[in-house]
J.: 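What follows is a single structure, and I will ask about it in a moment.
In the text below, chain A, chain B and the rest are named by the order of the sequence lines, each starting its count at 1. Note that the structure is predicted; figures quoted are calculated from it, not measured. Heavy atoms only: backbone and side chains are in, while hydrogens, waters and symmetry mates are out.
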Amino acid sequence: MSELILARIQMAIFFVFHILFAVAGMGMPVLMVLAEGAFLRTGKAVYADLARRWARGTAVLFAVGAVSGTVLSFELGLLWPRFMEFSGGVIGLPFALEGFAFFTEAIFLGIYLYGWERVSPRLHLSAGVMVALGGVLSGVFVVSANGWMNSPSGFVLVGGRPAGISPLSAMANPAWKSEAIHMTLAAFAATGFAVAGIHAFRLRRETGNRFHRAALVIALSVGGAAAVLQPLSGDMSARFVARSQPVKLAAMEGQFRTERGAPLRIGGMPDPVNETTRYAIEVPRGLSLLAFHDPDAEVLGLSAVPRDERPDPRPVHAAFQVMVACGMCMAAVAVAGALLGWRRREVFFGRAFLLAVAACGPLGLLAVEAGWVVTEMGRQPWIIHKVMRTSEAVTPVGGLALPLVVFSLIYLALGTFAARMLRRELAESPSFPGEEG
Amino acid sequence: MTSLADLAAGSILASLVLYALTGGADFGGGVWALFDRGPRAGERERLIVQAIGPVWETNHIWVIVAVVVLFTGFPGAYALLSTALFLPVTLVLAGIVLRGSAFAFHAYHLHRERRAAGWGTLFAASSLLTPFLLGVVLGAVSSGMIRGTGLANLASGTRSWLAAFPLCVGMLTLSSFSYLAAVYLILETDVPELREDFRLRALASLAVVIFLSAAIPLFSGGGAPEFHRALTGSFWSLPLLGINALAAICAGIFLLRRAYRLARACAAAQVTLLLAGWGLAQYPFLIRPDLTIRAAAASPAMLRLLLAVLGAGALLLFPAIFLLLRVFKKEALFGR
């Protein structure tokens with residue numbers, strides 16, 4: 001295996017791992033603050049217990065997210081030194097801002113976790129709000145750097161080097177807005193549904209447990225609201241990609257031929273050798289309509305660019321399908337939940353709906369992973385869109401198989417430990433059986 | 001005239017000082033836990049976990065700040081260092097991951113779990129490895145063995161860290177972090193026996209720190225000649241080294257007389273002065289002997305914004321950190 005492939009696999013492992021915890025770091029604080037707010041408003045002990053338990057979960061997830069994030073800040077340079085040499089001076093600013101947002105999150109998480117008995121309830125809740133704010137801002141800032149890789153701006157190329165650098169326009173790159181909205185909503189949807197799924201699963205056995213009921217309502221409200229908004233943001237993102245990275249769009253859709261009135265393909269297997277996508281259900285003109293809001297718009301096909309400038313459409317198309325399907329399922333369950341919660345509470349807590357929520361639990365996280373496969377593999381062979389190839393960025397240091405194996409083992413152990421911690425936390429099902437409302 | 005680039009480099013040094021004084025001490029606590037045997041070992045370990053718990057995450061962000069300022073303000077130097085020092089930096093990372101996550105699991109949940117012995121040792125061993133290799137990296141940067149001004153002309157250096165001088169700096173870092181931890185921990189408890197335990201540890205590690213601080217100039221003469229000349233032959237050399245020696249002596253006296261708050265101030269001053277000395281002797285180079293701060297710096301536009309962000313961030317952060325310490329370290333830090 002070439003060193004480039006080894007470096008890419010290693011980076012992929014780092015991201016696939018880190019993003020789960022990063023997403024939790026954005027979403028969990030919101031849940032925990034809402035639970036504490038409900039406690040302060042109603043005085044019901046069940047919410048206080050919920051806030052404490054969610055905070056403990058947040059702590060473990062945050063800690064693993066913190067170390068895996070530290071790893072990433074170093075590995076960018078270790079594995080992709082030429083990329084960092086080129087881009088550090090252009091797009092470093094959001095990383096610095098992210099550092100401070102992350103700092104805020106860590107400081108106030110310390111106060112929140114260890115300060116239940118030490119600070120006033122108001123300060124405690126404010127600390128929680130700061131944690132949530134820090135979490136969301138960290139994500140928003142760091143996505144700016146990814147946006148820049150997709151739509152590089154804020155510099156001109158002079159002899160292969162960046163010149164005339166404007167760090168602010170680099171940070172405010174065209175892709176940032178749609179990516180930041182999409183990622184933030186994804187984080188809320190993924191966390192909300194994962195948590196709701198767990199509590200729905202428990203409720204199927206302990207129907208009357210008010211602890212799980214309260215948890216389900218809060219988590220599903222956050223996750224559901226995000227899931228319903230996400231298609232709008234997805235439309236915005238897709239239309240942006242259609243204009244700025246048409247090759248990526250073509251890979252996402254398995255579109256080989258440049259054509260007007262391009263169809264939307266549901267499912268199917270792109271075949272890069274014969275330049276066609278087989279077995280897909282085709283919605284006539286669907287792609288042109290969705291990507292450009294015009295059924296006759298021309299959509300660029302992969303065949304329009306040289307082979308060495310095309311991403312592999314097979315994983316990109318598959319991941320895109322997975323992401324959209326997961327998103328649709330969650331949005332449907334969210335709408336159903338809103339209607340049931342509004343009109344028929346006994347059905348909301350009934351077995352069928354609980355089963356649906358439990359089944360949707362992992363979908364948000366799956367969608368997040370799939371979404372990153374789409375945006376990262378869809379940008380290949382570029383590490384910076386049309387500026388630097390991934391193969392040009394990789395480290396000249398050889399022997400990358402060793403760190404790949406070592407870090408894979410470490411992360412495997414870490415993930416297992418974290419999962420065990422969380423499972424232990426979940427195994428205790430606090431009992432609030434009464435029916436006081 | 002101090003340039004923007006100098007300020008940015010200075011803020012990297014400041015982050016490293018803060019990391020040493022906070023996160024470094026956390027690693028030091030891990031070192032003491034690793035070798036702890038005999039009576040009261042369990043109590044000491046509990047004390048270490050309690051003292052570190054609320055501040056752990058915050059302390060460890062300083063190293064991220066240092067790295068981010070390095071790659072934003074000096075991207076070429078960052079690329080050069082991560083290539084030349086690939087192996088030690090990778091190992092540092094493995095150490096940070098193991099220690100950080102082990103600590104979190106331990107602090108939040110592991111008290112209910114019988115720790116698997118193999119993993120426990122591996123995690124604790126990372127407390128030794130990480131500070132040592134951090135020091136090795138600093139030593140290698142000063143040694144003059146990493147040649148070249150950018151990735152394109154990186155001539156040599158991937159083995160630069162495997163030399164007496166960087167390895168000595170690694171030992172000094174490890175012993176300094178352990179020393180800081182021991183001094184801090186005295187004030188984290190009211191139990192007289194525990195105080196005495198950590199007092200003895202502090203005195204022992206102080207002796208090692210003094211020995212290594214004295215030994216390093218001997219090694220730097222051969223292993224890092226230019227750094228050695230700057231460290232010992234500049235106008236600031238005598239006062240800086242003098243004050244550092246004075247701080248060490250005072251720390252020893254205060255520890256012997258059980259004046260712990262003063263001892264802690266002296267210990268923190270020692271570590272700050274060690275790093276300040278490293279920074280001053282390194283100036284005007286980022287990586288001796290080919291890459292100066294000025295040559296490695298990013299565009300002035302970026303440096304201005306970066307410094308503005310750092311300034312604004314500090315204005316927001318320091319009150320927040322103060323609040324954190326006020327809540328959890330009131331007795332240890334602010335008296336009662």
J.: Can you tell which part of B/T90 gets under 4.5 Å to a heavy atom of chain A, answering side chain, backbone, both or neither?
T.: both

J.: Do side-chain atoms of A/W176 reach the backbone of A/A170 as a donor and acceptor pair under 3.5 angstrom?
T.: no

J.: Report which part of A/L168 has an atom under 4.5 Å of a heavy atom belonging to chain B: side chain, backbone, both, or neither.
T.: both

J.: Heavy-atom cut-off 4.5 Å, strictly under: side chain, backbone, both or neither for B/Y78 against chain A?
T.: side chain

J.: What residue in B/V65, B/L91, B/V89 has the most heavy-atom pairs under 4.5 Å with chain A?
T.: B/V89

J.: Can you check whether B/S126's main-chain N or O pairs, donor with acceptor, with B/R99's side chain at less than 3.5 Å?
T.: no

J.: Please state whether the side chain, the backbone, both or neither of A/F95 comes within less than 4.5 Å of a heavy atom of chain B.
T.: both

J.: Report which part of A/A418 has an atom under 4.5 Å of a heavy atom belonging to chain B: side chain, backbone, both, or neither.
T.: both

J.: Relative to chain B, which of A/I107, A/T104, A/V90, A/T395 shows the most heavy atom pairs under 4.5 Å?
T.: A/I107

J.: If we only count heavy atoms from C-beta on, is the A/M84 to B/P75 side-chain gap below 4.5 Å?
T.: no

J.: Are the side chains of B/D26 and B/T22 in touch, meaning some heavy atoms are under 4.5 Å apart?
T.: no

J.: For B/A298, is it the side chain, the backbone, both or neither that has a heavy atom under 4.5 Å from a heavy atom of chain A?
T.: side chain

J.: Heavy-atom distances under 4.5 Å only: say whether A/L400 touches chain B with side chain, backbone, both or neither.
T.: side chain

J.: Between atom CG of A/L97 and atom CG of B/L310, what is the distance when rounded to the nearest 0.5 Å?
T.: 9.5 Å

J.: For the backbone of A/S153 and the side chain of A/W148, can you confirm whether one donor and one acceptor N or O come within less than 3.5 Å of each other?
T.: yes

J.: Assign the ring pair B/F27 / B/H60 to parallel, tilted or perpendicular, where the plane angle (0 to 90°) is split at 30° and 60°.
T.: perpendicular

J.: Given that the side chain runs from C-beta out, which part of A/T70 has a heavy atom under 4.5 Å from chain B: side chain, backbone, both or neither?
T.: both

J.: Examine whether an atom of A/V64 lies under 4.5 Å from a heavy atom of chain B, and if so say whether it belongs to the side chain, the backbone or both; otherwise answer neither.
T.: side chain

J.: With a 4.5 angstrom heavy-atom cut-off, could you sort out which part of B/A312 is near chain A: side chain, backbone, both or neither?
T.: neither

J.: For the candidates B/V63, B/N59, B/L81, B/I96, which exhibits the highest count of non-hydrogen atom pairs separated by less than 4.5 Å from chain A?
T.: B/I96

J.: Does the A/N173 side chain pair with the main chain of A/M171, one donor and one acceptor, at a distance under 3.5 Å?
T.: yes

J.: Most heavy-atom pairs under 4.5 angstrom with chain A, which of B/L306, B/V69, B/V92, B/I61?
T.: B/I61

J.: With a 4.5 angstrom heavy-atom cut-off, is it the side chain or the backbone of A/F83 that approaches chain B, or both, or neither?
T.: neither

J.: Would you mind checking which part of A/V406 comes under 4.5 Å of any heavy atom in chain B, side chain (CB onward), backbone (N, CA, C, O), both or neither?
T.: neither

J.: Where does the angle between the aromatic ring planes of A/Y114 and B/F328 fall among parallel (under 30°), tilted (30 to 60°) and perpendicular (over 60°)?
T.: perpendicular

J.: Please look at B/V309 and chain A and tell me whether the side chain, the backbone, both or neither of the residue comes under 4.5 angstrom of a heavy atom of that chain.
T.: both

J.: Hey, are the side chains of B/V97 and A/L414 touching, using non-hydrogen atoms and a 4.5 Å cut-off?
T.: yes

J.: Checking heavy atoms, do the side chain of A/F86, its backbone, both or neither come under 4.5 Å from chain B?
T.: neither

J.: When the aromatic ring centroids of A/H18 and A/Y411 are compared, is their separation below 6.0 Å?
T.: no

